[in-house]
Amino acid sequence: MSIPVYIRKEYFRAVTLSDKSAHILEFHYRPQTVDVYEKGLSVFHMQYFLASKTKAEIIEFYLTDFALRGKGYGTECMNEIIDQLGKKGVTLITAPNGYELAPLGYTGPDQYRELIAGFYEKTGFTISGDGDIAMKILD
């Protein structure tokens, strides 16, 4: 069973990426998904599940264009989504640290897990002792 969280369905946010360039991102919240666009083009997608009113589980997320990786889009989008979930009462977010198969562009699951763990830690998550779950407690 999924718990609905009511976030404004669409809104714009100005962000500055790691290269100091300014961008306007458009966030579209739907039940269990968030899609982010820039100038009408998709840049980020997240699917999540609300296990309770206070616990969210990230199922998957990705930048839609491989060329966008490493520029700060993922960090900005993740931080904004976490902020919005926190404003709605979510206090714990968990996510898998990698998958059985690595996405395209990675040499294998181990390389992907190492890179994704670094991303999670950069956005304030903690990696579990066995390395398979990332979690973040919100204030």
Side-chain angles (χ1 to χ4, degrees):
M1 181 177 132
S2 178
I3 311 294
V5 168
Y6 298 99
I7 298 174
R8 288 177 292 166
K9 288 189 175 183
E10 299 174 10
Y11 66 94
F12 293 90
R13 177 161 174 115
V15 300
T16 302
L17 299 183
S18 56
D19 67 356
K20 307 295 185 221
S21 60
H23 299 261
I24 302 293
L25 301 180
E26 183 178 357
F27 288 78
H28 290 240
Y29 285 86
R30 305 284 182 261
Q32 300 184 1
T33 64
V34 182
D35 289 293
V36 183
Y37 300 87
E38 182 176 30
K39 298 178 183 174
L41 300 173
S42 175
V43 295
F44 185 88
H45 173 80
M46 176 188 283
Q47 183 179 359
Y48 66 94
F49 173 75
L50 289 168
S52 71
K53 289 182 179 180
T54 60
K55 182 180 179 193
E57 297 174 18
I58 295 172
I59 297 168
E60 70 172 351
F61 70 92
Y62 52 85
L63 291 168
T64 53
D65 182 347
F66 196 83
L68 297 176
R69 293 180 186 174
K71 297 183 182 211
Y73 282 96
T75 300
E76 289 296 330
C77 291
M78 182 68 80
N79 286 336
E80 175 63 19
I81 293 165
I82 288 168
D83 183 56
Q84 291 300 315
L85 289 173
K87 287 178 180 177
K88 296 302 178 181
V90 172
T91 59
L92 175 66
I93 300 174
T94 60
N97 185 34
Y99 303 96
E100 294 282 324
L101 299 173
L104 290 174
Y106 296 97
T107 58
D110 291 337
Q111 180 204 25
Y112 180 68
R113 273 192 273 285
E114 184 178 320
L115 291 171
I116 201 72
F119 172 79
Y120 280 132
E121 288 174 340
K122 184 166 64 170
T123 55
F125 283 76
T126 301
I127 306 301
S128 66
D130 58 6
D132 64 345
I133 297 286
M135 60 193 117
K136 180 172 178 128
I137 297 172
L138 307 178
D139 296 330

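Between Ala134 and Ile127, the shortest heavy-atom distance links the atoms CB-CD1, 3.7 Å. Taking each heavy atom of Ser18 and Gly70 in turn, the nearest pair found is OG-O, 3.9 Å. Shown here for Ala56 and Leu85, the closest heavy-atom pair between the two residues is CB-CD1, 4.4 Å. Shortest non-hydrogen contact noted between His28 and Tyr37 is CD2-CD1, 3.4 Å.
More than 12 heavy atoms of other residues, nucleotides or ligands shown are found within 6.0 angstrom of CD on Glu121.
Atom CD1 of Ile93 sits about 5.0 Å away from atom CD1 of Ile82, to the nearest 0.5 Å. Here the straight-line distance linking atom CZ of Phe61 with atom CD1 of Ile81 works out to 9.5 Å at 0.5 Å rounding. Note: Leu41 CG to Leu68 CG = 9.5 Å, rounded to the nearest 0.5 Å. One finds the CZ atom of Phe49 at 14.0 Å from the CD1 atom of Ile58 (value rounded to the nearest 0.5 Å). Going from atom CD of Glu26 over to atom CG of Asp35 covers 10.5 Å, rounded to the nearest 0.5 Å. Atom CG of Leu63 is separated from atom CZ of Phe44 by 6.5 Å, given to the nearest 0.5 angstrom.
Listed by chain and residue number, nothing satisfies the salt bridge (Lys or Arg N to Asp or Glu O under 4.0 Å) test with Lys71 (two or more places apart in sequence, or in another chain). Qualifying salt bridge (Lys or Arg N to Asp or Glu O under 4.0 Å) partners for Asp83, counting only residues two or more places apart in sequence or in other chains: Lys87. Residues forming a salt bridge (Lys or Arg N to Asp or Glu O under 4.0 Å) with Glu57 (at least two apart in sequence, or on another chain): Lys55. Evaluation of the salt bridge (Lys or Arg N to Asp or Glu O under 4.0 Å) rule for Lys122 yields no partner, not counting sequence neighbours. With sequence neighbours excluded, no residue forms a side-chain hydrogen bond (donor to acceptor under 3.5 Å, both in side chains) with Glu76. With sequence neighbours left out, Glu38 forms a side-chain contact (heavy atoms from CB on, under 4.5 Å) with His23, Leu25, Val43, Tyr73. Among residues two or more places apart in sequence or in another chain, the side-chain contact (heavy atoms from CB on, under 4.5 Å) test is passed with Ile133 by Thr94, Ser128. With sequence neighbours excluded, the residues forming a side-chain contact (heavy atoms from CB on, under 4.5 Å) with Gln47 are Thr33, His45, Ile59, Glu60, listed by chain and number. Applying the side-chain contact (heavy atoms from CB on, under 4.5 Å) test to Thr64 and every residue at least two apart in sequence or in another chain returns Ser42, Tyr62.
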Inset, instruction - Apply the test side-chain contact (heavy atoms from CB on, under 4.5 Å) to residues Val36 and Glu80: give CA-CA distance (whole Å), side-chain angles for both, the deciding distance (0.1 Å), then the verdict. - result: CA-CA 11 Å; Val36 183; Glu80 175 63 19; over 6 Å; no
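Cluster note: Ile137 groups with Leu92, Met135 through ILVMFWY side-chain heavy atoms spaced under 4.5 Å, whether in direct contact or through intervening members.
Side-chain contact check for Phe119 versus Met78: some heavy-atom pair is nearer than 4.5 Å.
Put simply, the side chain of Tyr120 gets close to the backbone of Pro96: a donor and an acceptor are under 3.5 Å apart.
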